[in-house]
**Student:** 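This is the structure I want to talk about, given as structure tokens.
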There are 2 protein chains.
Amino acid sequence: MTLDQHDLRILSVLQTNARIPIERLSEQVGLSTASVQRRLKRLRQQQTIAAEVAVVSPKRVGLAMTFMVSVELERDELRFLSEFKAKIKNEPRIQQCYYVTGDADFMLIVMTRDMEEFNSFVQEVFYGDKNVRRYKTSVVMERTKVGLELPLPTG
Amino acid sequence: MTLDQHDLRILSVLQTNARIPIERLSEQVGLSTASVQRRLKRLRQQQTIAAEVAVVSPKRVGLAMTFMVSVELERDELRFLSEFKAKIKNEPRIQQCYYVTGDADFMLIVMTRDMEEFNSFVQEVFYGDKNVRRYKTSVVMERTKVGLELPLPTG
DNA sequence: GATGAAACCGTTGACGC
DNA sequence: GCGTCAACGGTTTCATC
């Protein structure tokens, strides 16, 4: 259940490239291929590796616009919270969502094809929702750094 | 260079699970395995699939804290911008960074082991930097939705 | 942890449609 | 462009030390 330096090195490499051949991975980790295989299997079963996914280029599929939207909810009922969360999870244009301290309740990252689609999004998701008290949109001019890589302590 | 419905379906599946066997992927797409292989190769070469990566569970590796930090820079020189961007890209605790319109210049997603490490981070990255005029931190209470999945129009 | 064998899957290229 | 087939190489699992 606890991870040693070898595990962390495996994760560190796979975070960047999940398709690296086991042999090259083994070289970088300093273990035999069989050992790396066993560790890999364990890391996947433990859900330390939660998923292995393809990262698609937004440009190539025509998703030109990214937005950061802060949302403030009405405070009346706690039930609103889970309602809103469920809606978020079912809305593919919301790529990411964080429940945060401070003035806003949620910070959303929203991706659309163009401004028109963002307008539809806002109308569908916010206007019809009595839970939403206020929202504020920032347009993303550059996705300077994007990824799910974690800072791992690989001594 | 343009993608048809088959390509979009392939991407849609691989965005969620990049380790699905080609045979099952083919079934879901409605093409032969060879055809899916050809498309897959093309999508990777084109960089439509920019990367295939392992998603590591933050909890499992002891990364308990996430922060959203908005940063405002000094306006004196444009050179500051690229300096700051370079720093961001070399700082693994900054998982994501967006250059945005509005009051702030950048929105950062920062991940650390604990509050103490966030304190070190702030001192290292912001205090020593004369380009940084102001920054504002929100603590993330819940990572409600996290991923790099794009909304693809799969009819 | 290492080694080796067997089964499985992914990849490529050739063929015809 | 698609489908089938065959061949190669890498991956995965298992038994063994």
Side-chain angles (χ1 to χ4, degrees), chain A residues 1-63 113 147-150 152-155, chain B residues 1-57 60-62 147-150 152-155:
Chain A
M1 168 84 223
T2 44
L3 308 174
D4 64 13
Q5 279 305 114
H6 295 309
D7 290 321
L8 290 172
R9 291 198 138 220
I10 291 170
L11 295 174
S12 181
V13 172
L14 295 180
Q15 273 194 129
T16 300
N17 176 15
R19 275 173 51 76
I20 186 174
I22 305 280
E23 204 173 320
R24 282 205 283 139
L25 178 56
S26 308
E27 289 163 12
Q28 293 194 35
V29 174
L31 288 173
S32 70
T33 56
S35 186
V36 171
Q37 286 279 19
R38 266 183 272 122
R39 283 164 181 270
L40 239 179
K41 189 177 182 180
R42 180 171 48 78
L43 292 168
R44 291 204 253 244
Q45 274 172 183
Q46 281 176 174
Q47 289 286 97
T48 302
I49 295 175
E52 280 147 282
V53 303
V55 181
V56 177
S57 161
K59 268 187 165 181
R60 294 268 178 184
V61 294
L63 289 161
R113 194 156 289 276
L148 297 177
E149 223 175 305
L150 305 182
L152 299 178
T154 55
Chain B
M1 168 86 221
T2 42
L3 308 174
D4 63 12
Q5 279 305 114
H6 294 309
D7 290 322
L8 291 172
R9 291 199 138 218
I10 291 170
L11 295 173
S12 181
V13 173
L14 295 181
Q15 274 194 126
T16 300
N17 177 15
R19 275 173 52 77
I20 186 175
I22 306 279
E23 203 173 320
R24 281 204 284 140
L25 176 57
S26 309
E27 290 163 11
Q28 293 194 35
V29 173
L31 289 174
S32 71
T33 57
S35 188
V36 171
Q37 287 279 21
R38 275 191 291 258
R39 284 162 180 271
L40 200 44
K41 190 178 182 178
R42 180 171 48 78
L43 292 168
R44 292 205 253 242
Q45 274 172 184
Q46 282 176 173
Q47 289 287 99
T48 302
I49 295 176
E52 282 149 280
V53 304
V55 182
V56 177
S57 161
R60 294 270 177 184
V61 294
L148 297 178
E149 224 175 305
L150 305 181
L152 299 178
T154 56

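Computed from heavy atoms alone, side chains included, the values below leave out hydrogens, waters and symmetry copies. Worth saying up front: this structure is predicted, and the values here are computed from it rather than measured.
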**Student:** With heavy-atom distances below 4.5 Å as the criterion, would you say the side chains of A/Leu11 and B/Arg60 are in contact?
**Tutor:**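 Sidechains of B/Arg60 and A/Leu11: no contact.
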**Student:** Please report the closest heavy-atom contact between B/Asp7 and B/Thr2, naming both atoms and the distance.
**Tutor:** OD2-O, 4.3 Å
**Student:** Regarding B/Arg24, tell me which of base, sugar-phosphate or nothing describes its non-hydrogen contacts under 4.0 Å with the strands shown.
**Tutor:** nothing
**Student:** If we only count heavy atoms from C-beta on, is the A/Asp4 to A/Arg39 side-chain gap below 4.5 Å?
**Tutor:** yes
**Student:** Does the side chain of A/Arg42 come within less than 4.5 Å of A/Leu3's, by heavy atoms?
**Tutor:** yes
**Student:** A/Glu27 has an atom CD; how far is it from atom C1' of C/dA2, in whole Å?
**Tutor:**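 After rounding, the gap between these two atoms is 16 Å.
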**Student:** For the residue pair B/Thr33 and B/Ile22, what are the closest heavy atoms and their distance?
**Tutor:** O-CG2, 3.9 Å
**Student:** Does the protein touch nucleotides 3-17 of chain D at the base, only the backbone, or not at all? Give it as B, S and - per nucleotide, heavy atoms under 4.0 Å.
**Tutor:** BB------SBS----
